[in-house]
Amino acid sequence: MSNTMTPSRPYLMRALNEWILDNQCTPYVLVDALLPDVQVPQEYVNNGQIVLNISPGAVQNLLIDESGLSFNARFGGVPMAVFVPVIAILAIYARENGQGMVFGSEAGAPDPDDPVPPKKKPTAETPPSGARPSLKVVK
(Lines give C-alpha, C1' and ligand atoms only; values in the text may rest on other atoms or scores of the structure.)
Protein backbone atom coordinates (compact mmCIF):
# COMPACT_ATOMS: atom_id res chain seq x y z
CA MET A 1 0.00 0.00 0.00
CA SER A 2 1.39 3.37 -1.00
CA ASN A 3 1.48 6.43 1.24
CA THR A 4 1.26 8.70 -1.80
CA MET A 5 -1.96 10.65 -1.67
CA THR A 6 -3.83 12.41 -4.43
CA PRO A 7 -3.52 16.22 -4.56
CA SER A 8 -5.64 18.01 -1.95
CA ARG A 9 -6.21 21.11 -4.09
CA PRO A 10 -9.35 19.80 -5.91
CA TYR A 11 -10.96 18.89 -2.57
CA LEU A 12 -10.09 22.27 -1.07
CA MET A 13 -11.36 24.03 -4.21
CA ARG A 14 -14.73 22.24 -4.04
CA ALA A 15 -15.11 22.93 -0.32
CA LEU A 16 -14.12 26.60 -0.56
CA ASN A 17 -16.36 27.13 -3.59
CA GLU A 18 -19.31 25.70 -1.63
CA TRP A 19 -18.41 27.79 1.45
CA ILE A 20 -18.19 31.01 -0.58
CA LEU A 21 -21.54 30.30 -2.29
CA ASP A 22 -23.20 29.34 1.02
CA ASN A 23 -22.20 32.77 2.33
CA GLN A 24 -23.90 34.50 -0.63
CA CYS A 25 -20.57 35.59 -2.11
CA THR A 26 -19.02 35.25 -5.57
CA PRO A 27 -16.20 32.71 -5.97
CA TYR A 28 -13.23 33.99 -7.98
CA VAL A 29 -10.27 31.83 -8.98
CA LEU A 30 -6.79 33.21 -9.65
CA VAL A 31 -5.03 31.27 -12.42
CA ASP A 32 -1.46 31.16 -13.73
CA ALA A 33 -2.35 31.46 -17.41
CA LEU A 34 1.22 30.76 -18.58
CA LEU A 35 1.41 27.12 -17.51
CA PRO A 36 0.94 24.34 -20.10
CA ASP A 37 -2.59 23.14 -20.93
CA VAL A 38 -4.31 26.25 -19.47
CA GLN A 39 -7.25 27.07 -21.75
CA VAL A 40 -8.53 30.57 -20.91
CA PRO A 41 -9.35 33.61 -23.06
CA GLN A 42 -5.88 35.06 -23.61
CA GLU A 43 -7.22 38.58 -24.26
CA TYR A 44 -8.17 38.78 -20.56
CA VAL A 45 -4.78 37.59 -19.23
CA ASN A 46 -2.86 40.29 -17.35
CA ASN A 47 0.74 39.83 -16.17
CA GLY A 48 0.43 36.11 -16.85
CA GLN A 49 -2.62 35.72 -14.63
CA ILE A 50 -6.38 35.72 -15.04
CA VAL A 51 -9.22 35.91 -12.52
CA LEU A 52 -12.25 33.77 -13.31
CA ASN A 53 -15.72 34.14 -11.81
CA ILE A 54 -16.94 30.55 -11.24
CA SER A 55 -20.33 31.40 -9.72
CA PRO A 56 -23.34 29.42 -11.02
CA GLY A 57 -24.67 32.51 -12.79
CA ALA A 58 -21.41 32.99 -14.70
CA VAL A 59 -20.51 29.45 -15.77
CA GLN A 60 -22.12 26.22 -16.91
CA ASN A 61 -21.00 22.63 -16.32
CA LEU A 62 -18.50 23.51 -13.59
CA LEU A 63 -16.30 20.53 -12.74
CA ILE A 64 -13.48 20.52 -10.19
CA ASP A 65 -11.63 17.20 -10.15
CA GLU A 66 -8.13 15.73 -9.94
CA SER A 67 -7.24 16.97 -13.42
CA GLY A 68 -8.34 20.55 -12.81
CA LEU A 69 -11.12 23.09 -13.15
CA SER A 70 -13.35 23.14 -16.22
CA PHE A 71 -16.50 24.95 -17.28
CA ASN A 72 -18.25 26.66 -20.18
CA ALA A 73 -18.74 30.42 -20.16
CA ARG A 74 -19.05 33.47 -22.37
CA PHE A 75 -16.29 36.05 -22.60
CA GLY A 76 -17.33 39.20 -24.42
CA GLY A 77 -20.34 37.26 -25.73
CA VAL A 78 -18.16 34.49 -27.20
CA PRO A 79 -18.74 30.98 -25.79
CA MET A 80 -15.62 29.15 -24.62
CA ALA A 81 -14.71 25.89 -22.90
CA VAL A 82 -12.28 26.76 -20.09
CA PHE A 83 -9.81 24.30 -18.58
CA VAL A 84 -7.29 25.01 -15.82
CA PRO A 85 -4.98 22.22 -14.62
CA VAL A 86 -4.89 21.85 -10.83
CA ILE A 87 -1.29 23.10 -10.67
CA ALA A 88 -2.27 26.41 -12.37
CA ILE A 89 -4.88 27.30 -9.72
CA LEU A 90 -3.20 29.83 -7.46
CA ALA A 91 -6.12 30.91 -5.24
CA ILE A 92 -9.87 30.89 -4.69
CA TYR A 93 -11.53 33.76 -2.85
CA ALA A 94 -14.79 35.64 -2.39
CA ARG A 95 -15.00 38.76 -4.57
CA GLU A 96 -16.91 40.66 -1.90
CA ASN A 97 -14.38 40.36 0.94
CA GLY A 98 -11.27 38.60 -0.36
CA GLN A 99 -11.68 35.65 2.02
CA GLY A 100 -10.46 32.34 0.67
CA MET A 101 -7.18 30.51 0.18
CA VAL A 102 -3.91 30.99 -1.68
CA PHE A 103 -2.41 27.63 -2.55
CA GLY A 104 1.23 26.87 -1.81
CA SER A 105 3.61 25.66 -4.45
CA GLU A 106 3.81 22.06 -5.48
CA ALA A 107 6.63 20.61 -7.56
CA GLY A 108 6.83 22.59 -10.79
CA ALA A 109 4.29 25.20 -9.72
CA PRO A 110 5.02 28.92 -9.62
CA ASP A 111 5.25 30.56 -6.22
CA PRO A 112 1.98 32.49 -5.69
CA ASP A 113 3.81 34.73 -3.21
CA ASP A 114 6.08 36.18 -5.89
CA PRO A 115 5.38 39.91 -6.19
CA VAL A 116 3.27 40.89 -9.17
CA PRO A 117 4.30 44.10 -10.92
CA PRO A 118 1.54 46.73 -10.64
CA LYS A 119 -0.41 47.49 -13.76
CA LYS A 120 -0.97 51.00 -15.06
CA LYS A 121 -4.48 51.51 -13.64
CA PRO A 122 -5.85 49.66 -10.60
CA THR A 123 -9.38 48.35 -10.96
CA ALA A 124 -12.26 48.71 -8.53
CA GLU A 125 -12.60 44.91 -8.49
CA THR A 126 -9.25 44.31 -6.75
CA PRO A 127 -9.64 42.12 -3.65
CA PRO A 128 -9.97 44.24 -0.48
CA SER A 129 -6.73 42.80 0.90
CA GLY A 130 -4.92 44.77 -1.80
CA ALA A 131 -2.50 41.86 -2.09
CA ARG A 132 -2.72 41.67 -5.86
CA PRO A 133 -3.43 45.08 -7.38
CA SER A 134 -2.59 43.74 -10.85
CA LEU A 135 -5.63 41.46 -11.12
CA LYS A 136 -8.20 42.10 -13.81
CA VAL A 137 -11.75 40.93 -13.23
CA VAL A 138 -13.42 38.85 -15.92
CA LYS A 139 -17.19 38.99 -15.94
Side-chain angles (χ1 to χ4, degrees):
M1 183 166 193
S2 171
N3 286 339
T4 305
M5 296 180 68
T6 59
S8 60
R9 198 171 301 188
Y11 297 90
L12 295 169
M13 285 287 300
R14 287 191 295 264
L16 288 163
N17 182 49
E18 184 177 335
W19 173 67
I20 291 167
L21 291 171
D22 284 353
N23 283 280
Q24 287 73 51
C25 290
T26 310
Y28 276 13
V29 176
L30 175 64
V31 173
D32 181 338
L34 302 179
L35 288 179
D37 301 322
V38 173
Q39 297 169 12
V40 296
Q42 291 300 311
E43 60 271 26
Y44 296 101
V45 172
N46 190 4
N47 293 322
Q49 297 179 338
I50 187 169
V51 176
L52 301 170
N53 175 349
I54 62 166
S55 67
V59 303
Q60 293 181 328
N61 306 320
L62 177 66
L63 178 64
I64 303 170
D65 63 16
E66 291 73 29
S67 64
L69 167 76
S70 63
F71 60 84
N72 295 313
R74 291 184 174 272
F75 296 89
V78 179
M80 179 176 185
V82 172
F83 176 73
V84 179
V86 170
I87 201 164
I89 300 168
L90 301 178
I92 180 170
Y93 62 94
R95 177 183 67 94
E96 291 77 2
N97 58 25
Q99 291 189 41
M101 180 179 285
V102 174
F103 296 107
S105 295
E106 296 173 25
D111 184 354
D113 295 324
D114 282 346
V116 177
K119 69 179 195 178
K120 292 177 181 115
K121 294 186 265 182
T123 66
E125 297 291 336
T126 302
S129 67
R132 296 201 180 265
S134 65
L135 299 181
K136 180 176 181 180
V137 172
V138 177
K139 294 187 179 186

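Here the structure is a predicted model, which means the values were calculated and not measured. Numbers here simply count residues along the sequence, with the first being 1.
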*Heavy-atom side-chain proximity of Thr26 to Glu96 below 4.5 angstrom*: yes
*Given the rule that I, L, V, M, F, W and Y join up when any side-chain heavy atoms are under 4.5 Å apart, are Val51 and Phe83 in one cluster?*
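Shared cluster, no.
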*In terms of hydrophobic clusters joined by side-chain contacts under 4.5 Å, are Val84 and Val59 together?*
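Yes, one cluster joins them.
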*Once you round to the nearest 0.5 Å, how far does CG of Asn17 lie from CG of Asp22?*
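Output value for this atom pair is 9.5 Å.
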*Parallel, tilted or perpendicular: rings of Tyr93 and Tyr28 (30°, 60°)*: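 Perpendicular, since the angle between the ring planes exceeds 60°.
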_Taking every non-hydrogen atom, the tightest pair across Pro10 and Pro7_ =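 Distance-wise, the nearest heavy atoms are CD-O, 3.4 Å.
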*If you group Ile, Leu, Val, Met, Phe, Trp and Tyr by side-chain heavy-atom gaps below 4.5 Å, do Leu62 and Met80 land in one group?*
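Per the 4.5 Å side-chain linkage, Leu62 and Met80 are co-clustered.
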_What verdict does the side-chain contact (heavy atoms from CB on, under 4.5 Å) test give for Gln42 and Val45, after you've listed the backbone C-alpha separation in whole Å, the side-chain angles of each residue and the deciding distance to 0.1 Å?_
CA-CA 5 Å; Gln42 291 300 311; Val45 172; 3.8 Å; yes
*Could you give the distance from CZ (Arg14) to CG (Leu69), rounded to the nearest 0.5 Å?*
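Answer for the CZ-CG pair, Arg14 versus Leu69, is 11.0 Å.
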*If we only count heavy atoms from C-beta on, is the Leu21 to Pro27 side-chain gap below 4.5 Å?*
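Result yes, sub-4.5 Å side-chain heavy-atom pair found.
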_Distance in Å, Phe71 CZ paired with Asn53 CG, rounded so as to fall on 0.5 Å steps_ =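 Output value for this atom pair is 8.0 Å.
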*asked:* Just so I know, are the side chains of Gln49 and Leu30 near enough to count as touching, which here means a heavy-atom distance under 4.5 Å?
replied: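 Of all side-chain heavy-atom pairs linking Leu30 with Gln49, at least one is under 4.5 Å.
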*Applying side-chain contact (heavy atoms from CB on, under 4.5 Å) between Ile89 and each of Asp32, Val29, Ile64, report the one that passes.*
Val29
*Find out whether Ile50 and Pro41 are in side-chain contact, i.e. whether some heavy atom of one side chain is under 4.5 Å from a heavy atom of the other.*
yes
*Determine the minimum heavy-atom distance between Leu16 and Met101, stating which atoms define it.*
CD1-CB, 3.5 Å
*Under 4.5 Å between any side-chain heavy atoms of Trp19 and Ile92, yes or no?*
no
_Considering all heavy atoms, the nearest Ala94-Cys25 contact_ =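 Nearest pair, atom of Ala94 first, then Cys25: CB-CB, 3.8 Å.
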*Could I get the full list of side chain to side chain donor-acceptor pair (under 3.5 Å) partners for Asp65, not counting sequence neighbours?*
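In terms of side chain to side chain donor-acceptor pair (under 3.5 Å), with neighbours along the sequence ignored, Asp65 is linked to Ser67.
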*Nearest 0.5 Å, what's the CZ-CD1 distance between Arg95 and Ile20?*
12.0 Å
*Under a 4.5 Å cut-off applied to non-hydrogen side-chain atoms, are Tyr11 and Thr6 in contact?*
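SC-SC contact between Tyr11 and Thr6 confirmed.
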